[in-house]
Amino acid sequence: MTRTITIGAAQVGPIQLADTRSMVVERLIALLREGAEAGCDLVVFPELTLTTFFPRWWVDDLAEADHFYETEMPGPDTQPLFDEARRLGVGFHLGYAELTPDGHRYNTAVLVERDGTIVGRYRKVHLPGHEDHEPWRAFQHLERYYFEAGDGFDVHGAFGGVVGMAICNDRRWPETYRVLGLQGCELALIGYNTPIHYAPDPDQDRLQGFHNGLVLQSGAYQNGMWVVGVAKAGAEEGCDLLGESSIVAPSGEVRAVTTTVGDELVVATADLDLCANFKQTLFDFERYRRPEVYGRITGQRGPAVPDHVKASLAARKRDEGDRS
Ligand code: CDT
């Protein structure tokens with residue numbers, strides 16, 4: 001018997017500052033219903049789905065931004081989404097800003113089963129951008145100010161398979177997929193808000209779509225897992241966000257992709273057993289991996305060019321200087 005799951009990547013178009021939670025939740029419910037009509041078991045929403053991407057603004061006191069965070073999940077505004085999911089028998093994945101009762105702030109996602117119960121929670125590990133106000137930028141990317149980092153990548157038994165979560169910048173790091181892959185992950189769910197403009201190196205702006213596809217597809221293939229990447233997209237408060245939400249097979253092939261930067265659902269049926277074709281052949285970790293030579297991956301954070309390489313480069317430069 002095959003294990004198939006029909007997945008909807010529910011891209012959400014821009015959310016402006018003036019948009020209320022209930023306006024957003026209405027849009028999410030419309031996407032959820034569309035997913036139900038298309039036969040979806042699971043609908044995947046983006047990172048920080050419920051508000052505009054608020055880390056683009058500086059505030060002197062974090063408490064001024066408290067209204068962007070959820071203090072409970074579900075809370076009064078999000079309960080209708082949970083109720084509708086249970087009524088329809090469609091699960092979902094939702095990213096949001098979390099403020100815990102003891103005052104910790106995380107960029108979080110929850111995985112909700114078809115009966116409306118939360119089966120997994122993930123807090124973003126890789127926080128991009130900067131922690132201080134940098135007024136030279138056209139807009140800020142202050143995730144390192146607004147959030148604390150989460151402490152790991154877990155997997156969950158849900159939708160008949162092994163499901164993991166990651167959030168936005170996590171998708172650019174091969175370690176994310178590999179740590180999930182080492183737990184047998186068959187389906188990774190990843191919401192994102194990716195500005196087209198990258199202030200530290202604007203030459204990368206034209207490459208945003210290419211890099212998004214590159215990391216989602218290689219993460220899927222190198223770990224033999226389905227990967228669903230879902231954007232909050234479009235022109236949000238004057239900032240253009242990448243669309244190109246996609247569902248990628250364990251072969252690395254794109255099975256569905258959005259073509260707009262608005263609210264848009266694309267659907268693919270994922271055969272979870274297809275993961276084994278890759279996990280048991282080229283990427284048979286147990287047979288082929290060599291963790292004994294990968295120590296640097298967990299032993300150090302930044303690169304360290306070995307002293308003998310520095311010395312030989314310096315010697316070569318001296319020799320070239322002597323000859324010229
Ligand atoms: N939300 C998020 O993580 N966005 C980042 C932007 C990086 S530029 C500061 C991303 O990796 O897409």
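Since we're looking at a predicted model, the values are computed, not measured. Read the numbers this way: they start at 1 and go in the same order the structure lists the ligands and their atoms.
- Residue Tyr192 does not touch ligand 1, judged by heavy-atom distances below 4.0 Å.
- Ring-plane geometry between Phe283 and Tyr221 is classed as perpendicular, the angle between the planes exceeding 60 degrees on a 0 to 90 degree scale with a lower cut at 30.
- There is a path of hydrophobic side-chain contacts, each under 4.5 Å, that joins Tyr122 to Val228.
- The closest approach between a heavy atom of His126 and any atom of ligand 1 is not below 4.0 Å.
- Of all the heavy atoms of Lys124, the ones lying under 4.0 Å from any atom of ligand 1 belong exclusively to the side chain.
- Ligand 1 places these atoms under 4.0 Å from at least one heavy atom of Glu47: 1 (N).
- No close placement of the Tyr146 and Phe53 rings is indicated, their centers lying 6.0 Å or farther apart.
- Of all atoms in ligand 1, listed by their number and element, those nearer than 4.0 Å to a heavy atom of Pro128 are 2 (C), 3 (O), 5 (C).
- Taking only non-hydrogen atoms, the option from Leu242, Thr194, Leu48, Val215 nearest to atom 12 (O) of ligand 1 is Thr194.
- For ligand 1, the atoms closer than 4.0 angstrom to any heavy atom of Cys168 are 1 (N), 2 (C), 3 (O), 4 (N), 5 (C), 10 (C), 12 (O).
- Between the side chain of Ser218 and the backbone N or O of Leu214, at least one donor-acceptor pair lies under 3.5 Å.
- Shown in contact with Arg171 at under 4.0 Å from a heavy atom are these atoms of ligand 1, numbered in order with element: 12 (O).
- For Asp319, the CG atom sits in a packed shell: over 12 heavy atoms of surrounding residues, nucleotides or ligands are nearer than 6.0 Å.
- One finds the OG1 atom of Thr51 at 7.5 Å from the CD atom of Glu236 (value rounded to the nearest 0.5 Å).
- Numbered from 1 in the order shown, with element, the atoms of ligand 1 that lie under 4.0 Å from a heavy atom of Arg172 read 10 (C), 11 (O), 12 (O).
- Residue Tyr198 approaches ligand 1 through these ligand atoms, each under 4.0 Å from one of its heavy atoms: 8 (S).
- Ile247 and Phe278 are members of different hydrophobic clusters when ILVMFWY side chains are connected at heavy-atom separations under 4.5 Å.
- The single protein non-hydrogen atom nearest to atom 9 (C) of ligand 1 is His141 CG, 3.5 Å, given as residue, atom name and distance.
- Between the CD atom in Glu186 and the NZ atom in Lys279 there is a gap of 6.5 Å [rounded to 0.5 Å].
- Using a 4.0 Å cut-off to heavy atoms of Asn193, the atoms of ligand 1 that qualify are 1 (N), 2 (C), 4 (N).
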